[in-house]
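Following: one structure in structure tokens, then a few remarks.
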Amino acid sequence: MDRIVAHQSGPLAGEVIVPGAKNSVLKLMVASLYAEGEHRLTNVPGISDVLTMGALLGSLGVQVGFAEGRHDELVLSNSGDIAWNPPPENVESIRASINVLGPLIARCRRVRLDMPGGDDFGDRPIDMHIAGLTAMGVEFDTDATHIEARAENLHGAEIALDFPSVGATENIVCAAVHADGRTVLRNAAREPEVADLCQLLVEMGARIDGIGTSVLTIDGVEAGSLHPVSHAVVNDRIQAATYMSAVAMVGGDVFVRGARADHMEMFLRKLSEMGVDVGADPTGVRVRCNGRLRAVDVQTLPYPGVATDYKPLMVTLLAMADGIGVMTENLYPGRFRYVEELSKLGADIRTDGHHAVVHGVDRLRGAAVVAPDIRAGAALVVAGLAAEGRTIISGVEHIDRGYDDLVGRLAAIGATIERSA
Ligand code: EPU
């Protein structure tokens, strides 16, 4: 298993380019299930989850490969013969496999799916997916290990989500695309990645109004009427935040090209409050920092709030900020597993329920740590750049699921970091 070795670094300088978003590309790939023919996605990040999703789609009848000579462009060839029961081995390793549910119901009116895997943040229920789809006429037969669904009569419905769940919004929209009549989805998730999926579906011929807002109106179109398109994946706000956090942590002046300030407003505001100089233009965000950060309190919330995926980065920044910061996690109470690893580097963090109280310390010291999931892994790498000596991060396979060459990109802006087998 590979390891990342991070040495105390900084200041960082230069430019880093933000790749496409994991949480968009995986759902955009699934949309190829709707239409026979050749679909293209550009700005595809080089991450292992894309390969896992490619294998899942392959088992359903869509062959996925890279365009000739390209590592950031996918060609997805839908044979027209789509299966409704993917094998368990293609479903269990990523959470986004649940996203085949809506499209398969729309297209095949039938699905058999093992329960999806993904990062372990504790319980990750799918009751809102099921309630929404049930209101549209889908009949479920589920147990702890699998989901079986049929829809003889898939129809539009008025649905209000208890919470703006990303996955439930996406599955309901995807089923509604071919439902009979109109679906109105209230309290829908507004994340840029959800909007990117809706936009792609519209380009393919779906009828969706209210994209990017909390009320989505979907008028069903006839099955078979969607067509393949070419679409560029939205840039990844979480990868962008990772490079910004590295600069905030160890100082420097870096232009994060392709970072969408309009998608990261609350995160950027928090960085400014902490003392980072943030300057945005339509092509990216410049971050400059020299000196210690100031502690702030942060709460994770659905978009446009501070995303839960930024949280390990923010806790890492607080670990070396002046003062005490309280981080409150409102989405995944179990998402604090990396705190123990940060403590090995000397961070002073106490957790109580869904709060973490972080006392900023003067210095962190290198140690051997384990990445428990994608975002926490990246945060440990950022912490390693600030820690004295060297930090060895194992569990790199988690980071590879969502980061396109994190080590190479950090090294290019001056970090002393390498990957070893
Ligand atoms: N929830 C329910 N019932 C449901 C669905 C969700 O109770 O039916 C709860 C969840 O347990 C959680 C909250 O609602 O407490 C939010 O879950 P949501 O459905 O919004 O998240 P998701 O679709 O499972 C996606 C991302 C996550 C990201 C969250 C929140 C993908 C593949 N995953 O998950 O990304 O943290 O939205 O923004 O898009 C990551 O990329 O590292 C990652 C974990």
Side-chain angles (χ1 to χ4, degrees), residues 19-30 45 47-50 52-53 56 91 93-102 115-135 140 142 147 159-174 185 187-197 214 233-234 236-242 263-264 266-267 300-313 328-338 354 371-379 398-404 406:
K22 167 180 86 77
N23 288 346
S24 187
V25 69
L26 301 176
K27 328 302 175 58
L28 301 179
M29 290 173 73
V30 171
I47 58 174
S48 64
D49 272 13
V50 163
T52 310
M53 182 56 86
L56 168 55
V91 171
S93 57
I94 55 171
R95 178 72 183 173
S97 53
I98 191 69
N99 276 73
V100 302
L101 184 60
M115 282 295 178
D119 291 323
D120 179 9
F121 309 140
D123 206 17
R124 294 179 77 178
I126 54 163
D127 54 311
M128 284 188 272
H129 302 235
I130 292 180
L133 294 170
T134 301
F140 282 92
T142 59
I147 306 163
I159 300 166
L161 295 178
D162 289 345
F163 181 93
S165 153
V166 168
T169 299
E170 291 166 340
N171 265 329
I172 292 166
V173 169
C174 283
L185 179 60
N187 200 22
R190 290 181 281 166
E191 273 71 0
E193 298 78 24
V194 176
D196 201 23
L197 172 64
S214 57
V233 180
V234 69
D236 193 331
R237 60 201 165 104
I238 316 295
Q239 290 190 72
T242 305
H263 291 168
M264 307 177 69
M266 290 301 293
F267 178 79
T300 64
L301 285 169
Y303 190 83
V306 175
T308 173
D309 293 343
Y310 296 135
K311 189 185 58 175
L313 294 168
T328 302
E329 166 65 55
N330 292 311
L331 277 86
Y332 297 108
R335 200 170 187 179
F336 276 120
R337 285 173 56 207
Y338 54 93
H354 63 131
D373 62 63
I374 306 172
R375 311 299 173 190
H398 291 292
I399 299 173
D400 290 341
R401 289 188 47 207
Y403 280 85
D404 182 335
L406 178 64

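Each ligand, and each atom within it, is numbered from 1 in the order the structure gives.
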Partner residues of Tyr310 under the ring pair (Phe, Tyr, Trp, His ring centres under 6.0 Å) criterion, sequence neighbours left out: Phe267
Decide whether an N or O pair under 3.5 Å exists between [X] and ligand 1.
| X | result |
| --- | --- |
| Ala96 | no |
| Met128 | yes |
| Thr308 | no |
| Ala168 | no |

Below 4.0 angstrom, N of the basic side chain to O of the carboxylate: do [X] and [Y] qualify?
| X | Y | value |
| --- | --- | --- |
| Arg335 | Asp309 | yes |
| Glu170 | Lys27 | yes |
| Lys22 | Glu193 | no |

Asn187 side chain vs Leu161 backbone, donor-acceptor pair below 3.5 Å: yes
Counting each atom of ligand 1 from 1 as listed, which ones have a heavy atom of [X] under 4.0 Å away?
| X | result |
| --- | --- |
| Leu331 | 12 (C), 15 (O), 16 (C), 30 (C) |
| Asp127 | 2 (C), 3 (N), 4 (C), 7 (O), 8 (O) |
| Gly167 | 19 (O), 23 (O) |

Which is it for [X] and ligand 1 at heavy atoms under 4.0 Å: side chain, backbone, both or neither?
| X | result |
| --- | --- |
| Glu170 | neither |
| Glu193 | neither |
| Phe163 | side chain |

Selected option - heavy-atom contact closest to atom 42 (O) of ligand 1, from Lys311, Arg401, Arg375: Arg375
For atom 4 (C) of ligand 1, the option (of Pro125, Ser165, Ala376, Ala378) bearing the nearest heavy atom: Pro125
Side chain proximity check, Phe336 to Lys311, heavy atoms < 4.5 angstrom: yes
Side-chain heavy atoms of Pro19 within contact of Gln239, under 4.5 Å: yes
Residue list, salt bridge (Lys or Arg N to Asp or Glu O under 4.0 Å) with Glu191, at least two apart or on another chain: none
